[in-house]
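Working notes, beginning with the structure itself.
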Amino acid sequence: MAGVDLAKVGTNLLKSAGSGEMVELQTLWKDQPAVMFFLRRFGCQVCRWMASEISKLEPDLKASGVALVGVGPEEVGLKEFQEGGFFKGVIYVDEKKNCYKDLRFKRYNALSVVPAAMSKSVRDIASKANAAGIQGNFSGDLLQSGGMLIVAKGGEKVLLHFIQDSPGDLVPLEDISKALGISATVKAGQKPVCNDDVCTR
């Protein structure tokens, strides 16, 4: 698979969820390494659990001078996501989904999304989300998938590029730490399980 063209993807504009300011993606890794988690949807129950799981690394990332960034493909569900406190990093919105396209995060179609949403990995995460009291909804684009991009300071190189195959796929916390060459003190939570509709939530 071809690598990530940081020069190309880096010029894509993101909207800050906090200020509304438009910034280029590459500004996120200009002065420090950056872990960028691309969510499927802000209202997705599984994505919310993943966001809370990745957020366990925030103290270690901060101590190591690494930015933790969450990116969503639309503003639908953003306010509820922020109010829920699911993610400890800075949040942006890729309104045109250009980063999602350039990073090759796939889109499902009406036929492929159902089996994907009912996969074992999704059911597992949904059950963990339910156990943690994390709920979701069906608002927004149900067909977009996500992933993760970790870039070294100054865009020197891509440390990790992860593309979700199933909505329940996530990068283990230890793999994030390893890609950055830092030690983390956190323990991964148990992945929740999905019932039939959980992934589309």
Side-chain angles (χ1 to χ4, degrees), residues 4 6 9-10 12 14-18 23 25-29 32-62 64-78 80-82 84-95 97-107 121-122 125 128-129 132 134 136 140-141 144-153 155 158-180 182 184 186 188-189 191-192 199:
V4 175
L6 287 180
V9 73
N12 289 330
L14 300 178
K15 182 178 180 179
S16 165
V23 302
L25 181 67
Q26 63 194 357
T27 62
L28 305 179
W29 61 69
Q32 75 255 313
V35 173
M36 291 154 283
F37 170 48
F38 289 82
L39 295 91
R40 291 182 57 241
R41 289 185 303 116
F42 286 118
C44 164
Q45 180 188 32
V46 170
C47 300
R48 290 175 174 183
W49 182 85
M50 288 179 180
S52 66
E53 185 73 358
I54 292 165
S55 292
K56 291 177 179 178
L57 287 174
E58 194 270 341
D60 293 310
L61 296 177
K62 190 173 184 179
S64 300
V66 178
L68 177 60
V69 177
V71 180
E74 59 188 351
E75 288 197 41
V76 176
L78 173 59
E80 189 182 327
F81 183 84
Q82 291 173 300
F86 302 111
F87 191 68
K88 305 295 182 216
V90 189
I91 302 170
Y92 291 88
V93 180
D94 181 5
E95 294 178 308
K97 301 182 185 175
N98 287 332
C99 294
Y100 284 77
K101 290 174 197 153
D102 290 344
L103 293 170
R104 303 183 302 280
F105 297 145
K106 71 181 180 185
R107 284 190 60 76
S121 63
V122 170
I125 291 187
K128 287 181 186 179
I134 297 174
D141 183 354
Q144 182 63 59
S145 70
M148 182 172 284
L149 179 67
I150 303 179
V151 177
K153 178 180 176 179
V158 173
L159 301 174
L160 185 141
H161 177 216
F162 172 76
I163 299 172
Q164 282 186 324
D165 187 44
S166 149
D169 292 344
L170 77 159
V171 180
L173 299 184
E174 59 269 25
D175 289 3
I176 296 172
S177 302
K178 192 173 174 184
L180 290 160
I182 64 171
V186 298
K191 234 167 136 185
C199 249

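None of these values were measured; they are calculated from a predicted model.
Put simply, the side chain of Leu6 does not reach to within 4.5 Å of the side chain of Gln26, judged on heavy atoms. Using a 4.5 Å heavy-atom threshold, the side chains of Leu160 and Ile176 count as separate. Residues Leu61 and Ile182 form a side-chain contact, since some pair of their non-hydrogen atoms from C-beta on lies under 4.5 Å apart. The shortest distance between side-chain heavy atoms of Leu170 and Gln164 does not fall below 4.5 Å. The shortest distance between side-chain heavy atoms of Arg40 and Val46 does not fall below 4.5 Å. The shortest distance between side-chain heavy atoms of Val171 and Phe37 does not fall below 4.5 Å. The shortest side-chain heavy-atom distance between Lys62 and Lys88 does not fall under the 4.5 Å cut-off. At least one side-chain heavy atom of Pro33 sits under 4.5 Å from a side-chain heavy atom of Leu180.
Taking all atoms of both residues into account, the shortest heavy-atom contact from Val9 to Cys99 is CG2-CA, 4.2 Å. The two residues Ala34 and Leu28 come nearest to each other via the heavy atoms CB-O, 3.6 Å. Taking both residues in full, the closest heavy atoms of Ala51 and Phe87 are given as O-CD1, 3.7 Å, listed atom of the first, atom of the second, then distance. Residues Glu53 and Leu173 approach most closely at O-CD2, 3.6 Å, considering heavy atoms. The two atoms that bring Val93 and Glu74 nearest to each other are CG1-C, 3.6 Å, heavy atoms only. Contact record, Phe42 with Arg48: O-NE, 2.9 Å, taken as the closest heavy-atom pair.
Atom CG of Leu39 is separated from atom CE of Met50 by 9.0 Å, given to the nearest 0.5 angstrom. Rounded to the nearest 0.5 angstrom, Trp49 CH2 and Ile54 CD1 are separated by 9.0 Å. With rounding to the nearest 0.5 Å, the separation of CD in Glu174 from CG in Leu57 is 9.5 Å. Here the straight-line distance linking atom CG of Leu149 with atom CD1 of Ile163 works out to 10.0 Å at 0.5 Å rounding. Between the CZ atom in Arg41 and the CD atom in Gln144 there is a gap of 11.5 Å [rounded to 0.5 Å]. Between the CD1 atom in Ile91 and the CG atom in Leu14 there is a gap of 12.5 Å [rounded to 0.5 Å].
No more than 12 heavy-atom neighbours from other residues, nucleotides or ligands sit within 6.0 angstrom of NZ on Lys153.
Below 30°, between 30° and 60°, or above 60°: for Tyr100 and Phe105 the angle between ring planes is above 60°, a perpendicular geometry.
Under a 3.5 Å cut-off, the side chain of Ser64 and the backbone N or O of Val66 do not form any donor-acceptor pair.
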Check against side-chain contact (heavy atoms from CB on, under 4.5 Å), Tyr92 and Met36:
CA-CA 10 Å; Tyr92 291 88; Met36 291 154 283; over 6 Å; no
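If you check the side chains of Asn12 and Asp94, you find no donor sitting under 3.5 Å from an acceptor.
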